[in-house]
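Each remark here refers to the structure printed beneath this line.
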Amino acid sequence: MSDISLWRQIQEDWIAHEKDWTKPGFRAVAVHRFGVWRMSVQPKLVRAPLSMFYRAMYRRVRNVYGIELPYTVKLGRRVVFEHQGGVVIHGYSEIGDDSIIRQGVTLGNRHLDCPLDAPVLGCKVNVGAGAAIMGKVVLEDGCAVGANAVVIHDVAAGDTVVGIPARSINRASAQSKPQVSNSDAVVDEVIDEVIDGTVAETQSNSIPQP
């Protein structure tokens with residue numbers, strides 16, 4: 001559980017969602033925060049009506065807005081669910097501070113025999129629409145996932161991955177850049193020699209013969 005109060009967390013989430021309490025993403029996160037908080041209420045007899053209220057609100061967010069965000073998800077601060085519809089978050093997933101999740105995103109398990117394996121997202125992770133992040137993979141801080149990408153391997157910090165299966169475009173672009181090699185220098189030297197030779201030949205031809 002976070003070291004700040006429930007009210008403070010919801011305030012931060014409201015600001016992160018452009019101060020619009022009607023946004024489905026904000027409502028989904030607020031219900032999640034409440035679900036986490038009510039687990040700290042003791043005794044269980046007092047918690048029971050809070051749990052009933054949470055379950056009703058969770059189902060409403062899931063069925064009306066299409067955002068499935070169980071309270072068991074470890075959700076960082078100021079996480080934004082940009083749009084509604086088709087968002088499914090595995091109950092054992094982790095999402096770091098200031099991350100962005102868009103419509104149609106799935107964070108789920110990859111193998112049926114490993115139902116508890118779930119993705120771990122670092123801070124400031126940007127997940128594009130329709131992306132699927134599957135299995136026990138780690139997306140480090142500041143990375144980005146392109147729309148409709150399928151991520152089945154870890155993603156390094158600051159990296160951008162696209163495609164099916166997702167591959168890094170940062171590494172691909174670095175490998176495709178033309179490399180300045182010694183051959184370029186040799187070509188330059190040859191050109192200089194040709195130019196020098198042409199100039200020298202021209203000057204010799206212009207000298208009157210005795």
Side-chain angles (χ1 to χ4, degrees), residues 1-41 47 49-109 118-134 137 139-151 155 158 160-162 166:
M1 194 172 172
S2 176
D3 56 354
I4 63 173
S5 68
L6 172 65
W7 178 245
R8 179 58 182 163
Q9 289 182 74
I10 292 178
Q11 279 184 314
E12 287 187 345
D13 295 327
W14 175 64
I15 293 171
H17 286 84
E18 300 176 347
K19 298 184 178 181
D20 186 352
W21 66 271
T22 66
K23 282 194 169 186
F26 167 70
R27 294 186 174 189
V29 172
V31 170
H32 174 275
R33 304 292 189 203
F34 176 79
V36 174
W37 171 82
R38 54 101 193 181
M39 292 301 293
S40 65
V41 176
R47 186 198 310 164
L50 299 176
S51 295
M52 292 176 62
F53 177 72
Y54 162 73
R55 292 190 185 100
M57 295 306 297
Y58 170 78
R59 288 180 173 86
R60 176 174 174 79
V61 168
R62 181 192 63 189
N63 298 340
V64 175
Y65 300 133
I67 302 176
E68 192 168 341
L69 182 65
Y71 78 92
T72 50
V73 174
K74 292 183 179 179
L75 195 66
R77 296 167 63 175
R78 301 174 299 276
V79 173
V80 172
F81 285 79
E82 192 72 37
H83 302 290
Q84 69 189 77
V87 179
V88 180
I89 308 299
H90 191 290
Y92 290 95
S93 298
E94 298 182 25
I95 305 175
D97 299 346
D98 303 301
S99 294
I100 300 176
I101 308 295
R102 293 181 175 80
Q103 70 272 21
V105 168
T106 299
L107 271 61
N109 65 303
V120 176
L121 278 60
C123 297
K124 297 183 178 180
V125 174
N126 191 342
V127 183
I133 304 172
M134 312 302 292
V137 297
L139 280 65
E140 298 183 7
D141 297 349
C143 67
V145 179
N148 299 314
V150 178
V151 181
V155 180
T160 299
V161 294
V162 297

**Asked** Do V155 and V145 pass the side chain to side chain contact (heavy atoms under 4.5 Å, CB included) test, and can you show the C-alpha distance, the side-chain angles, and the key distance before you say yes or no?
**Response** CA-CA 9 Å; V155 180; V145 179; 5.5 Å; no
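Atom OG1 of T106 and atom CD1 of I89 lie 7.5 Å apart (nearest 0.5 Å).
Side-chain contact check for E94 versus L121: every heavy-atom pair is 4.5 Å or farther apart. Within the 4.5 Å cutoff, no side-chain heavy atoms of F81 are placed close to those of I100. In this structure the side chain of L75 reaches within 4.5 angstrom of the side chain of R33, judged on heavy atoms.
More than 12 non-hydrogen atoms from other residues, nucleotides or ligands lie less than 6.0 angstrom from CZ of F34.
Residues satisfying the side chain to side chain contact (heavy atoms under 4.5 Å, CB included) criterion with P49, sequence neighbours excluded, are absent altogether. Every residue two or more places apart in sequence or in another chain was checked for a side-chain hydrogen bond (donor to acceptor under 3.5 Å, both in side chains) with R62, and none qualifies. Legend: residues meeting side chain to side chain contact (heavy atoms under 4.5 Å, CB included) with Y71, ordered by chain and number and at least two apart, are V36, R38, M39, Y54. Qualifying salt bridge (Lys or Arg N to Asp or Glu O under 4.0 Å) partners for R78, counting only residues two or more places apart in sequence or in other chains: E12, D98. Take V105 and apply the side chain to side chain contact (heavy atoms under 4.5 Å, CB included) test, not counting sequence neighbours, and it matches I101, L107, V127.
Each side-chain hydrogen bond (donor to acceptor under 3.5 Å, both in side chains) pair with one or both residues in residues 15-24, not counting sequence neighbours, appears once here: E18-K23, D20-T22.
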